[in-house]
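Keep in mind the model is a prediction, meaning the values are calculated, not measured. In what follows, chains carry the letters A, B, and so on, assigned in the order in which the sequence lines appear, proteins first and then strands, with residues in each chain numbered from 1.
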2 protein chains.
Amino acid sequence: MSTAERKAREKEALKSLILKGAKKLFIEKGIDQTTIRNIADEIDYSVGTVYVYFKDKNAILHDLHSIGFHELGGYFKGLFAILDPMERLKEMGRVYIKFAMENQEMYDLMFNLKAPMEFLESSEEGGWNEGVETFGSVKTTVEQCMEKGHFKGHLAEPLSFMIWSMVHGMCSLEIRQRTKGVKFSKPESILFDGYKEYVKMIGKL
Amino acid sequence: MSTAERKAREKEALKSLILKGAKKLFIEKGIDQTTIRNIADEIDYSVGTVYVYFKDKNAILHDLHSIGFHELGGYFKGLFAILDPMERLKEMGRVYIKFAMENQEMYDLMFNLKAPMEFLESSEEGGWNEGVETFGSVKTTVEQCMEKGHFKGHLAEPLSFMIWSMVHGMCSLEIRQRTKGVKFSKPESILFDGYKEYVKMIGKL
DNA sequence: ATTATTTTTGAACGTTGTTCATTTTTTGAA
DNA sequence: TTCAAAAAATGAACAACGTTCAAAAATAAT
């Protein structure tokens, strides 16, 4: 291997190390309680070094948001082995909620925080590919449901958006503490009870 | 009137002035681009004065979040003049979305930002009364729908939560720029098209 | 008029994201 | 091995933030 190649690999390795440290701290103490100095300390490098590898904090948040989508992809893997699109749509909701609950800070980064979108605006990347792809898998499944005779009278794209909204809405309210506020009869299982309603709902459409 | 009474009134007036200035700046340039110094400048007082009237920034954000709920109440006023609960539920969704789109920063404060909930935790207030009350009006309407024979097989509370989640989800995705990312066929009307699906959906339940 | 109380002030503190001249390390030809 | 050039890492310094508090100014009470 050439020296240049090795250097390039080392650069990538350090970039990954920074992201790994950042993710660890994000999960441990929350995203807005984590500073660049914290991240630098965590991996035994100086603040300056972090800025050699990332333009600014938004760049770190964006890269981590992409990693989040990759992890969501892991949860979604196997979903298309379910051939019945209706069953797949139900399972997709369950898995989405599971991901959100098991990765709350990452979910927040992916779907709530402004930083990753601000990064996109200030860069020449095409667009929000991660979001496009994820929404695409919902939309495809909805279209297959319609081909099988479900969702009569509905339009695939806006309906897919509403299904996404419904599941995202409950995860978002939970993560942003709005469910704790509203005193539910069974607060400990409101997400699961909500999911059961979701299953009934799409079954009726 | 006594001097004490007048002073108490003046204190309230200045508190309102601070909130008014804060709200203006929030709407003009966004919540996280607004600093305490900005607010103080806006109303021609010093930073120190702001801290005499508010414990910290969270306290301002919480009070403004309460004002937001009062404004949402204005949008909701008249909703219970619609006697048919099904029609009322549909209209409730429309009005909720209208409020969210016309008051994006306030909506963000009410349902997305952590600050108002953090303030609640660090104070001895009972709970999130604003949220409880708003959710209550959805739940009441859903229960009335069920009394009229709709939503068979559903549970009122989790179903209400899902309906709230659905409408909140779309507003939240829009406000947090996640709809711009996903390239919809008709991006300019995705919220309205989504609302039409919402109407169809609850009509089928 | 004088004193006591209340209200307002803004300099100062610790922390944040960010920059960049300087130092340290690594490289490859002599 | 030696050493100048290139690359990588550093951390002091900056501006701006939320927050505090001793001092000053304004008002009320005697």
Side-chain angles (χ1 to χ4, degrees), chain A residues 1-19 21-22 25-26 28-64 109 113-116 118-119 121-123, chain B residues 1-19 21-22 25-26 28-64 109 113-116 118-119 121-123:
Chain A
M1 78 200 90
S2 79
T3 309
E5 275 172 12
R6 201 197 68 232
K7 287 233 169 180
R9 245 185 304 111
E10 281 173 357
K11 273 192 81 168
E12 273 313 304
L14 185 43
K15 210 168 176 182
S16 292
L17 186 67
I18 293 169
L19 290 171
L25 294 177
F26 283 2
E28 268 178 25
K29 37 186 263 177
I31 289 173
D32 30 53
Q33 314 305 331
T34 302
T35 70
I36 303 285
R37 283 171 181 81
N38 288 339
I39 298 171
D41 277 3
E42 173 71 26
I43 60 172
D44 293 317
Y45 276 88
S46 70
V47 256
T49 303
V50 175
Y51 279 91
V52 171
Y53 290 86
F54 292 93
K55 183 175 127 280
D56 55 20
K57 203 180 183 183
N58 276 356
I60 298 177
L61 291 170
H62 175 267
D63 273 20
L64 228 35
L109 193 50
L113 294 205
K114 290 175 178 170
E118 282 169 0
F119 175 85
E121 282 170 21
S122 74
S123 90
Chain B
M1 80 200 90
S2 78
T3 310
E5 275 171 11
R6 200 197 68 233
K7 288 234 170 179
R9 244 184 306 112
E10 282 173 357
K11 273 193 82 169
E12 271 313 304
L14 184 43
K15 209 169 177 183
S16 292
L17 186 66
I18 293 169
L19 290 171
L25 294 177
F26 283 2
E28 269 178 24
K29 38 186 262 177
I31 289 173
D32 30 53
Q33 314 305 330
T34 301
T35 70
I36 303 284
R37 284 171 181 81
N38 287 339
I39 297 171
D41 278 2
E42 173 70 25
I43 60 173
D44 293 316
Y45 276 88
S46 69
V47 257
T49 303
V50 175
Y51 279 91
V52 170
Y53 291 84
F54 292 93
K55 184 174 129 279
D56 55 20
K57 203 181 183 183
N58 276 356
I60 298 177
L61 290 170
H62 174 267
D63 274 20
L64 228 37
L109 193 49
L113 294 205
K114 291 176 178 170
E118 282 169 359
F119 175 84
E121 282 170 20
S122 74
S123 91

### Query
In whole angstroms, how far is the C1' atom of D:dT10 from the CG atom of A:D41?
13 Å
### Message
If I take atom CD in residue B:Q33 and atom P in nucleotide D:dA15, what distance separates them, rounded to the nearest angstrom?
### Response
20 Å
#### Entry: side chain to side chain contact (heavy atoms under 4.5 Å, CB included) partner of B:N38, the single match among B:Q33, B:E28, B:K29
B:K29
### Task
Figure out the CG/C1' separation between A:D32 and C:dT15, and round it to whole Å.
14 Å
### Task
Any strand is fair game: report the nucleotide pairing with D:dA25 by Watson-Crick or G-U wobble, both distances under 3.5 Å, or none.
C:dT6
### Message
Rounded at 0.5 Å granularity, tell me how far NZ in A:K55 sits from NE2 in A:H62.
### Response
11.0 Å
#### Entry: Spacing between B:Y45 atom OH and C:dG10 atom P, to the nearest angstrom
13 Å
### Query
Within less than 4.0 Å of OP1 or OP2 of D:dA9, is there a side-chain N or O belonging to A:T49?
no
## Note on the structure
Of the candidates C:dT16, C:dT8, D:dT10, the side chain of A:S46 sits closest to D:dT10
### Message
If you compare every side-chain N and O of B:Y53 against the phosphate oxygens of C:dT7 (OP1, OP2), does one of them come in below 4.0 Å?
### Response
no
### Task
For B:I39 and D:dC17, give me the distance from atom CD1 to atom P, rounded to whole Å.
11 Å
### Ion pair B:R6/B:E10, N-O distance below 4.0 Å
yes
### Query
So how far is it from B:F119 CZ to B:K57 NZ, rounded to the nearest 0.5 Å?
15.5 Å
### Query
What is the distance from NZ of A:K11 to P of D:dA7, rounded to the nearest Å?
10 Å
### Query
Looking at B:L19, B:L61, B:T49, which one forms a side chain to side chain contact (heavy atoms under 4.5 Å, CB included) with B:F54?
B:L19
#### Entry: Whole angstrom value for the distance that separates C1' of D:dT19 from NZ of B:K55
12 Å
### Summary
Per atom distances to the A:Y51 side chain, the nearest of C:dG10, C:dT19, D:dT10 is C:dT19
### Message
By the 4.0 Å heavy-atom rule, please label B:I60 as base, sugar-phosphate, or nothing.
### Response
nothing
### Task
Specify the separation, in whole Å, of atom CD1 of A:I36 and atom P of C:dG17.
5 Å
### Any strand: nucleotide that pairs with C:dT18 via Watson-Crick or wobble, under 3.5 Å
D:dA13
## Note on the structure
Residue pair B:R37/B:E10 against DNA chain D: nearer the 5' end by closest nucleotide is B:R37
